[in-house]
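Keep in mind the model is a prediction, meaning the values are calculated, not measured.
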Amino acid sequence: MSASARTPLPPFDPADPLGIDDLLAPEDLAIRDTVRAWAADRVLPHIADWYEKGELPGTRELARELGSLGALGMSLEGYGCAGASAVQYGLACLELEAADSGIRSLVSVQGSLAMYAVHRFGSEEQKQRWLPGMAAGEIIGCFGLTEPDHGSDPASMRTYAKRDGAAGGDWVLSGRKMWITNGSVAGVAVVWAQTEEGIRGFVVPTDSPGFSAPEIKHKWSLRASVTSELVLDEVRLPADAVLPGVVGLKGPLSCLSHARYGIVWGAMGAARSSFDAAVEYAKTREQFGRPIGGFQLTQAKLADMAVELHKGVLLAHHLGRRLDAGRLRPEQVSFGKLNNVREAIEICRTARTILGANGISLEYPVMRHATNLESVLTYEGTVEMHQLVLGKALTGLDAFR
């Protein structure tokens, strides 16, 4: 008799229909549950109000709490960082975005962009100065790459840094950056600029003369998130402000790849939240004398949503294991970002149809997640950019230019 015949099958779990939790170690589950509990306590009771008002009050306090959880720079080693696995970091991103994309964005920009840039390309002095405070949430960071006229084509950025030989090699930095998460609450900005040597990264204290970060208002997406413009008006920096470890687009693009990996997981958190709301609503909302979850068309929607949701989580797990093994390629990250965000939006839209008119109310999370994901679909590489990355990888032909 085979082992499968002797061992009773576990019951079907609607929350984990593929048994994906079996892939997780106890410490993975503990991290996931800790972040989920924090989000349930500190974010979910307030997020609808924050979203409606278009603000994220207490951002610095939230950052310190996230630092205490070990969620900032979570997968980095040393300098006060948690040194967690890529899968554990992904699980945290999923739980944070299940609360709201803005909260996951705060963590992603802090850890996967600003801290990652300093950790990978910074000098030892830069790492010692900035990373412990950033890991603790005492210092918030932002990442200045996108410009008002240059998003998908960062090689054409206009922000420029020049040396001032008369001042002992100081750098003078001028330009503008746009759509910068954490900008107006940041204590440090990692800013990418053109130089005579090529594109370089600079660590810019935000109290530097000539630096300002006006907040962007009137957003209909990521409303519970701080988004700013960075204005650099001849900001003078010492010679050692430049990140010494990289020249060229490899620097910012490698940071973006790390952030995109977190999005692969996070998008599934937004999808799960919307799916769960649709399931609960379908079981309790009655029409024609019975719950709408008992109608075939509703069940077909729920089945299709569940398939895409858990396929996306499986994909995220697979990419996480590859990253932990040092085998994750940027093209594979594009695969995950393209698929998971696109499917997450579709799950949210389908969930909205199940909730009917109630689906547009902030009493439920569905429309908030759907509108947030419109931003997630665009940032860290648009759909078109990831399609072209994969197209080039599949054909060997570059369609970017």
Task: Min side-chain heavy-atom separation H46-P57 under 4.5 Å - done: no
- [ ] Answer yes or no: does atom CZ of F400 have more than 12 heavy-atom neighbours from other residues, nucleotides or ligands under 6.0 Å?
- [x] yes
Task: Check: V389 and P330 side chains under 4.5 Å, non-hydrogen atoms - done: no
Task: Side-chain touch H258/V333, heavy atoms, less than 4.5 angstrom - done: no
- [ ] Examine distances only and state if a side-chain atom of E380 and a backbone atom of Y261 form a donor-acceptor pair shorter than 3.5 Å.
- [x] no
TODO: Report yes or no: does E95 contribute a side-chain atom to a donor-acceptor pair with the main-chain N or O of D33 at less than 3.5 Å?
DONE: no
Open item on the list: With a 4.5 Å cut-off on side-chain heavy atoms, are W265 and H317 touching?
Closed with: yes
Task: V226 side chain near I140 side chain, heavy-atom distance below 4.5 Å - done: no
Open item on the list: Using the rule given for side chain to side chain contact (heavy atoms under 4.5 Å, CB included), can you reason through I263 versus N340, listing the C-alpha separation, both sets of side-chain angles and the distance that settles it, and then say yes or no?
Closed with: CA-CA 8 Å; I263 290 171; N340 281 15; over 6 Å; no
Open item on the list: Go through it in stages, so that I can follow the logic: the residues are L319 and F335, the test is side chain to side chain contact (heavy atoms under 4.5 Å, CB included), and I'd like the CA-CA distance, side-chain angles, deciding distance and then a yes or no.
Closed with: CA-CA 10 Å; L319 297 183; F335 197 117; 5.8 Å; no
Task: Student check: side-chain heavy atoms of W50 and D100 closer than 4.5 Å - done: no
Open item on the list: When you measure from the side chain of T350 to the backbone of K301, do you find a donor-acceptor pair of N or O atoms at a distance under 3.5 Å?
Closed with: no
Open item on the list: Do I31 and Y89 make a side-chain contact, defined as non-hydrogen atoms from C-beta onward lying under 4.5 Å apart?
Closed with: no
Open item on the list: Would R200 and F121 count as a cation-pi pair here, with the cationic atom under 6.0 angstrom from the ring centre and within 45° of the axis?
Closed with: no
- [ ] Start with the C-alpha gap between V87 and L24, add the side-chain angles, then the distance that decides, and say whether side chain to side chain contact (heavy atoms under 4.5 Å, CB included) holds.
- [x] CA-CA 9 Å; V87 168; L24 301 175; 4.1 Å; yes
TODO: Working to the nearest 0.5 Å, report the span between CG of L106 and CG of L62.
DONE: 7.5 Å
TODO: State, without any angle test, whether S273 and H369 hold a side-chain donor-acceptor pair at a distance under 3.5 Å.
DONE: yes
Open item on the list: Looking at S274 and A271, would you say the former's side chain and the latter's main chain have a donor-acceptor pair under 3.5 Å?
Closed with: no
Task: Point-to-point distance, once rounded to the nearest 0.5 Å, from CZ of R272 to NE2 of H310 - done: 9.5 Å
TODO: Check whether any side-chain N or O of N372 sits under 3.5 Å from a backbone N or O of S221 as a donor-acceptor pair, and report yes or no.
DONE: no
Task: Pairwise side-chain contact, Q126 with P244, heavy-atom cut-off 4.5 Å (strictly under) - done: yes
Task: CG-CD distance between L373 and E343, expressed to the nearest 0.5 angstrom - done: 12.0 Å
Open item on the list: Donor-acceptor check, side chain of R352 to backbone of G356, threshold 3.5 angstrom: yes or no?
Closed with: yes
TODO: In plain terms, say whether E147 and R158 are close enough for a salt bridge, that is, a side-chain N and a carboxylate O under 4.0 Å apart.
DONE: no
Open item on the list: I'd like to know whether CD of Q296 has more than 12 heavy-atom contacts from other residues, nucleotides or ligands below 6.0 angstrom.
Closed with: no
Open item on the list: Between T298 and I292 (side chain of the first, backbone of the second, donor and acceptor by atom type, cut-off under 3.5 Å), is there such a pair?
Closed with: yes
Task: Distance under 6.0 Å and angle within 45° of ring axis: R223 vs W220 - done: yes
Task: Enclosure of I360 CD1 (heavy-atom neighbours >12, cutoff 6.0 Å) - done: no
Open item on the list: Can you confirm whether more than 12 heavy atoms, excluding those of K53, are under 6.0 Å from its NZ atom?
Closed with: no
TODO: Go through the steps to decide whether Y379 and S105 satisfy the test side chain to side chain donor-acceptor pair (under 3.5 Å), and finish with yes or no.
DONE: CA-CA 10 Å; Y379 70 31; S105 292; 2.6 Å; yes
Task: Heavy atoms of other groups near L297 CG, more than 12 under 6.0 Å - done: no
TODO: In plain terms, say whether D21 and R32 are close enough for a salt bridge, that is, a side-chain N and a carboxylate O under 4.0 Å apart.
DONE: yes
- [ ] Report the C-alpha distance between Y79 and W130 in whole Å, list the side-chain angles of each, state the deciding distance to 0.1 Å, and finish with yes or no for side chain to side chain contact (heavy atoms under 4.5 Å, CB included).
- [x] CA-CA 9 Å; Y79 308 99; W130 296 110; over 6 Å; no
Open item on the list: Closer than 3.5 angstrom, by distance alone: can the side chain of E229 be matched with the main-chain N or O of R176 as a donor-acceptor pair?
Closed with: no
TODO: Apply salt bridge (charged side-chain N to carboxylate O under 4.0 Å, His left out) to E61 and R64, showing your working.
DONE: CA-CA 5 Å; E61 181 182 353; R64 288 191 290 269; 5.6 Å; no
- [ ] Mind checking the CZ-CG spacing from F202 to L232? Nearest 0.5 Å is all I need.
- [x] 10.5 Å
Open item on the list: More than 12 heavy atoms of other residues, nucleotides or ligands under 6.0 Å from CD of Q387: yes or no?
Closed with: yes
Open item on the list: Strictly distance-based, threshold 3.5 Å: is any side-chain N or O of T206 a donor or acceptor partner for the main-chain N or O of A186?
Closed with: yes
- [ ] Check whether the side chains of Y51 and T371 place a donor and an acceptor atom closer than 3.5 Å, and report yes or no.
- [x] yes
Open item on the list: Determine whether a donor-acceptor pair (N or O, by modelled atom type, separation under 3.5 Å) exists between the side chain of Q194 and the backbone of K162.
Closed with: no
